[in-house]
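Input: a single structure, listed below in structure tokens.
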Amino acid sequence: MTNENKHIILTGDRPTGRLHLGHYVGSLKQRVELQNSGKFDDIYILIADDQALTDNVDNPRKIRENIVNVILDYLSVGLDPEKITFCVQSALPALHALTFYYMNLVTTARLSRNPTVKAEIQMRGFADEGLPAGFFTYPVSQTADITAFDADVVPVGEDQLPMIEQAREIVEKFNRIYGETLVLPKAMIPENESQRRLPGVDGKAKMSKSLGNCIYLSDTPKTVKTQINGKMFTDPAHLRIEDPGHTEGNVVFMYLDAFCTNEHFAEYLPDYSCLDEMKEHYRRGGLGDGVCKKFLINVLEELLRPVRANRQKWEKDIDTVYDILLAGTQKAQKVTNETLARVQKAMQINYFEDRLVIDEWKKLLTTQK
Ligand code: TRP
């Protein structure tokens with residue numbers, strides 16, 4: 001029935017903008033590791049344009065344009081189309097059908113309690129303007145995304161844990177009512193705490209385009225430099241170099257926590273052997289923000305340089321990029337249609353799969369007399 005011995009990954013992103021360093025440490029880096037681990041039978045990455053439309057109903061252009069940005073960012077960080085199936089949500093009608101069925105397995109009260117959706121409703125002003133039903137129910141559509149691929153592992157950011165929780169409840173309920181049909185998914189979040197939640201350069205909780213506090217994977221070295229030297233929040237009490245400084249809540253150190261390794265010290269800042277030593281000096285006083293920022297720029301450039309170069313290469317070959325997405329989406333269509341057929345059969349709504357229902361109807365009609 002389901003692929004019980006298989007390990008399948010499904011994850012995805014909303015195509016609302018270019019991907020940034022927060023995406024990198026929060027998910028992309030882990031995806032590259034998972035891809036190279038050889039532990040998975042299939043890995044699917046879904047560009048969730050339908051989900052993006054749930055809160056961008058009046059901005060279809062933005063979603064359309066960012067499909068190419070997102071796939072380019074994927075390819076640039078080293079996600080390999082030989083190992084990963086990239087697909088576009090709107091081209092997978094099975095997901096829409098599954099969403100409609102799953103909608104009956106969840107109550108509006110349960111949906112109202114989803115903490116991520118609750119926070120997003122506040123952030124987007126839907127509490128005052130009115131809440132689109134599609135946005136309110138997107139966790140159900142996300143359950144369709146996950147189950148349609150029989151995914152048992154869903155690598156996501158921490159903020160997505162409530163979605164996976166809801167998906168699990170829907171799967172359990174479905175299987176209870178209709179028999180073992182769907183695979184129960186598990187969330188996987190990055191191990192390293194500092195990588196789970198990278199703040200914006202201004203110290204605000206999250207990188208967001210509207211706040212202008214992002215460093216994008218495709219930013220030029222000059223932009224990266226201006227974001228760090230011009231905007232990155234340090235310790236406001238650390239006025240003179242000699243003053244003792246705080247490393248907690250200091251964005252430069254939060255980024256170093258997420259990105260730097262001991263090898264970076266050997267290469268760019270041999271005064272210290274590791275981050276703890278550097279932090280210790282900063283706290284004691286005598287280490288200026290300028291040195292710290294310059295080090296961070298070197299660390300980030302080492303990561304960004306090859307990503308940028310890859311992007312330039314792929315940008316010159318957009319036809320191939322399109323074909324990668326097309327081939328992936330076609331494979332995903334096949335896989336998700338098969339799941340839909342299995343689901344419809346379990347729900348006894350598979351009248352046209354064969355002619356067997358005719359016999360049932362005939363029998364019914366004779367006993368009904
Ligand atoms: N909601 C996810 C996000 O905002 C994107 C997403 C859509 C997703 N469908 C998914 C993630 C399925 C994991 C699995 O990041």
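Being a predicted model, the structure only gives us computed values, none of them experimental. In each ligand, atom 1 is the first atom listed, and ligand 1 is the first ligand listed.
Using modelled atom types and a 3.5 Å distance limit, the side chains of Tyr282 and Asn250 yield a donor-acceptor pair. Between the side chains of Tyr268 and Glu301, no donor N or O sits under 3.5 Å from an acceptor N or O.
Nearest non-hydrogen protein atom to atom 14 (C) of ligand 1 is Leu10 CD1, 3.5 Å. For atom 8 (C) of ligand 1, the nearest non-hydrogen atom of the protein is Gln142 NE2, 3.5 Å. Scanning the protein heavy atoms around atom 7 (C) of ligand 1, the nearest turns out to be Gln51 NE2, 3.3 Å. Remark: minimum distance from atom 4 (O) of ligand 1 to any protein heavy atom is reached at Arg14 NE, 3.4 Å. Of the protein's heavy atoms, Asp145 OD2, 2.8 Å lies nearest to atom 9 (N) of ligand 1.
Between Phe149 and Tyr44, the two ring planes are tilted [angle within 30° to 60°]. The aromatic rings of Phe295 and Phe265 sit tilted relative to each other, their planes meeting at an angle between 30° and 60°.
Near Val154, with a cut-off below 4.0 Å to any heavy atom, the atoms of ligand 1 are 13 (C), 14 (C). Ligand-side atoms of ligand 1 in range of Ala48: 7 (C), range being under 4.0 angstrom from any heavy atom. Atoms of ligand 1 found under 4.0 Å from any heavy atom of Val156, numbered from 1 in the order shown, are 13 (C).
The pair Glu169-Lys173 does not count as a salt bridge, with every side-chain nitrogen at least 4.0 angstrom from each carboxylate oxygen. Looking at Asp354 and Lys345, no side-chain N of the basic residue comes within less than 4.0 Å of a carboxylate O on the acidic one, giving no salt bridge. Salt bridge annotation for Glu338-Arg342: absent, with no cationic side-chain nitrogen under 4.0 angstrom from a carboxylate oxygen.
Close N/O approach between Asp13 and ligand 1 is not found [any backbone or side-chain N/O within under 3.5 Å]. Inclusion of Tyr138 in the set of residues having an N or O under 3.5 Å from an N or O of ligand 1 is not warranted.
A side-chain donor-acceptor contact under 3.5 Å links Lys293 to the backbone of Met232.
Of the heavy atoms in Gln160, only side-chain atoms (C-beta onward) come closer than 4.0 Å to ligand 1.
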